[in-house]
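Below is one structure, written out as structure tokens, with a few remarks after it.
Protein chains get the first letters and strands the later ones, always in sequence-line order, with residue 1 at the start of each.
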Amino acid sequence: MEVAPLSQNICRHCGLQFSAPSPSIEFCCTGCEFVSGLIRSEGLDEYYRLREANPPDCALPAKVSTESYEFCDDPEFIKRASSDGLRLTFYLEGLSCSACIWLIEKLPDLCPDAQAVVVNMSASAIDVWRVPGESFAAIARTLNRLGYSPHPVLDSENIKELKRKERRRDMVRIGLAGAATGNIMILAVSLYAGAEGAIGSQFRWMSALLAAPVLSYGAWPFYKSAFGALRARSLNIDVPIVAALIAGIVIGLYGLAAGIDTVYFDSLSMLVFLLLSSRFWLKSVQQEHLDTSHLEDELLFGTVVRIPPEGGIEKVSTISLKAGDRIEISGDMNIPVDGRVVSGGGFFHIAALTGETDALEVSLGREVEAGSRNLSGHWILEVSRPAAESRLAAILRDTETSARSKPKIVLFADRVSHWFVMLVLGLALGVALFFLKTNPQEGFTRALALVIVTCPCVFGMAIPLSMSLGIRAAARRGLVIKDADVLERLLSIRHLIFDKTGTLTSGEMRVLSIEIDDADRDHLKAVAMLENGLSHPVARTLLKAVKDLGYTPAEAGATQEVRTLPTGGVSGVVDGRLYSIRPIDSRMERKVEKQIRARYELVMDMAEEEEKRLAVFEIGDELREGAAELVRWAHRKGLRPQVLSGDRRAVVEDCAAKLSLNSSEFIAEATPEAKSQYIKKFGPRAAMVGDGANDAGALASSAVGIAVRGSMDISLKAADVYLMRTDLRVLPELFDIAHGTRKAIVRNLVFSASFNIVSGALAVLGFMTPLFAAVLMPLSSFIVLISALVTGKRLSLSNRRSR
Amino acid sequence: MNIVYFLLPMALALGFGFLMSFVIAAMKGQFDELETPAHRMLFEDEVEQRKESADGN
């Protein structure tokens with residue numbers, strides 16, 4: 001047969017390059033071909049034209065989905081997720097450019113069930129209206145086929161509406177304050193230029209009139225926040241602002257009545273306008289960056305088969321399950337609820353809960369927790385706790401709360417800002433009293449300028465913003481940080497200690513080589529027969545390997561006398577011959593999961609107690625991609641890398657050699673207790689990178705525990721950081737984020753301290769008018785916030801480049 | 001100088017008019033989402049036209 005050279009084609013739908021036997025093949029997969037056909041048949045070619053104008057990486061390969069989204073049609077689900085039963089909001093993965101918006105809003109042409117779709121790009125969300133009586137599931141499936149993954153969002157219409165209204169009110173306040181302040185400033189120019197007499201007094205009255213709505217309605221949020229803090233017997237950054245406003249208004253009104261030149265309405269309105277603007281901006285930045293989706297919600301979206309008491313089956317949404325319901329478990333599925341097995345049998349594993357991938361047997365009455373995964377069999381589960389109340393949901397909620405708790409540096413900043421406010425108010429009072437006898441007006445002007453110009457906003461706003469942006473940047477790279485303190489603790493790390501199995505190595509066993517004579521190859525069928533249905537990891541690995549070679553287990557019952565051997569392994573009679581599969585060195589069997597290499601043999605019993613070795617399988621675990629790179633990086637950065645493993649010395653030595661670590665840089669045969677002890681010695685200077693499932697102790701006793709694998713549950717309890725992706729190369733970025741965040745905070749503190757000292761001194765010495773102060777102060781907070789934001793953006797963006 | 005008594009209220013009334021139109025626009029939600037409309041204006045028109053002409057045939 002002649003082999004044609006492969007040509008490199010570009011997929012007409014997703015734009016990816018792919019190899020094909022002929023240049024006339026236009027699509028990389030049937031999914032892309034189907035979707036492209038769908039788009040073209042509806043005359044939506046415009047999509048491809050629009051896409052050309054956008055960056056090339058925004059095209060998505062089409063998907064052939066296995067998800068049916070049937071739960072979207074469950075009445076119970078619709079009741080929870082949609083207020084009117086017709087609109088559903090999806091969070092959409094993959095929304096990236098105007099071509100996406102265009103295509104998605106044309107969804108009614110592609111899917112008759114959809115009536116209208118509105119994209120909200122900034123929230124990566126879409127609102128979908130269905131044709132009454134038609135199916136949301138069909139709409140979700142169409143979206144999925146187009147390459148976007150839809151995740152339904154539970155209806156929080158009330159909260160959204162409140163937020164929306166608040167935002168609109170904020171905008172109106174800013175508009176009002178801006179318009180009034182602008183006009184007041186025009187009047188103020190003539191007053192400062194020396195307008196006197198009737199005109200002067202009328203202008204002053206007019207500016208008071210214009211300032212009235214600004215200082216009442218416009219400044220309302222400040223009053224609310226300051227009095228709220230005072231009622232709770234504390235001081236926040238709004239207290240000095242409100243003190244300045246009230247004192248300014250009182251003195252201003254008195255001056256107006258008494259006909260004195262100096263009135264402060266211009267300064268006060270300016271202050272309110274600029275503060276409102278900077279707060280509004282801060283709020284939108286925070287909402288944009290900090291609206292994290294609820295981890296636990298993911299549990300609630302799925303389709304399950306319920307068996308109603310009256311018989312039959314019905315497909316319902318996970319959300320509608322109640323305690324006492326019976327659901328059918330079959331095939332490869334996640335179990336969404338806590339429950340008890342009432343009939344049937346099979347195997348499942350609880351890797352998501354404990355990291356343990358061993359198969360567990362389903363037995364009558366057995367408790368199964370949400371997050372377990374079915375492997376085989378067909379069984380029925382009685383729900384004891386629905387998804388939202390399951391233990392897993394509770395754990396995920398805990399994680400979210402602790403991720404939102406205030407880090408030490410923010411608590412410290414809160415305290416400092418408290419003292420700062422007291423100091424400023426005390427100083428202002430002192431200045432006013434000092435001038436009381438000689439020149440009360442001058443004293444008051446200086447005190448007012450001081451209160452206005454000094455600003456603890458670096459403590460109150462910039463530090464928390466920097467921290468949350470850091471966590472956010474980490475989350476975008478798939479690094480889940482349990483609490484923000486981690487970013488601080490990472491800075492003092494000098495020792496980076498790695499676990500071996502599952503961390504530096506993939507932790508998954510593969511058959512690396514099979515030594516077998518060609519004449520004996522057919523005996524491999526015996527391996528398939530004997531290992532079939534066994535749950536031991538070695539059995540599954542071997543079975544997969546021989547299956548890949550084309551030896552599939554024949555019908556059940558063809559094997560006899562199957563038994564597991566006390567030394568490890570299995571034996572049984574296949575086609576009248578007794579075979580055994582067993583480890584060559586039986587001492588290895590027990591700890592096979594901990595090893596980098598293990599050798600198994602397949603032997604056949606011959607006559608007279610003799611055996612014939614037919615094959616040798618080498619099973620092992622390989623270094624992960626990027627592990628060597630990571631170790632080199634740690635060396636370069638002065639983070640002394642070490643391998644700390646419970647594995648046998650020879651195996652660890654082999655692994656260390658591959659990573660070019662010398663003999664002082666690895667420790668083998670360490671028990672979990674020894675690992676913890678060893679790490680404790682380093683105190684706050686050691687970070688442990690380990691497997692979430694079996695290094696829990698070591699992770700917990702290190703200053704920063706980083707779990708690379710295993711369950712989120714255990715990992716996030718023991719560790720501080722959990723890697724969502726298996727690529728180790730994101731670790732350097734974690735350190736980059738910590739250092740970047742620290743730099744931004746220090747920069748802001750230095751700037752803010754110098755600004756406050758200089759401007760405060762100028763105000764006390766009488767070189768600063770309240771108006772000047774009112775412009776300068778918001779300007780300084782703008783600078784501080786922009787500086788925090790720019791760093792946060794940079795940390796997030798460098799991620800996108802590396803992806 | 002007396003012209004000030006005429007011009008000033010005029011200017012303020014003008015400003016008030018614009019402020020009101022801003023308030024109305026904000027309350028109607030024109031500023032709720034600023035990203036998608038910026039993209040949408042790139043294509044809406046011509047497609048609508050094409051559709052109309054298609055309907056007309």
Interatomic spacing from CG in B:L12 to CG in A:L210 - rounded to 0.5 Å: 5.5 Å
Contact summary for B:L8 and A:M206, nearest pair of heavy atoms: CD2-SD, 2.8 Å
Any residue of residues 171-178 of chain A which, by heavy atoms, sits under 4.5 Å from chain B: A:M171, A:V172, A:G175, A:L176
Side-chain heavy atoms of B:Y5 within contact of A:Q202, under 4.5 Å: yes
Toward chain A, the part of B:F22 with a non-hydrogen atom under 4.5 Å: side chain
Which atom of A:I101 lies closest to which atom of B:T36, heavy atoms considered: CD1-CG2, 3.7 Å
With sequence neighbours excluded, residues passing salt bridge (Lys or Arg N to Asp or Glu O under 4.0 Å) with A:R169: none
Choice from A:N120, A:I199, A:I186, A:V118 maximising heavy atom contacts with chain B below 4.5 Å: A:N120
Max heavy-atom pair count under 4.5 Å with chain A, selected residue of B:G29, B:P37, B:A25: B:G29
Residue pair A:N183 / B:F16, side-chain heavy-atom distance below 4.5 Å: no
Donor-acceptor under 3.5 Å (A:R168 side chain, B:V23 main chain): no
B:F31, CZ atom: more than 12 neighbouring heavy atoms under 6.0 Å: yes
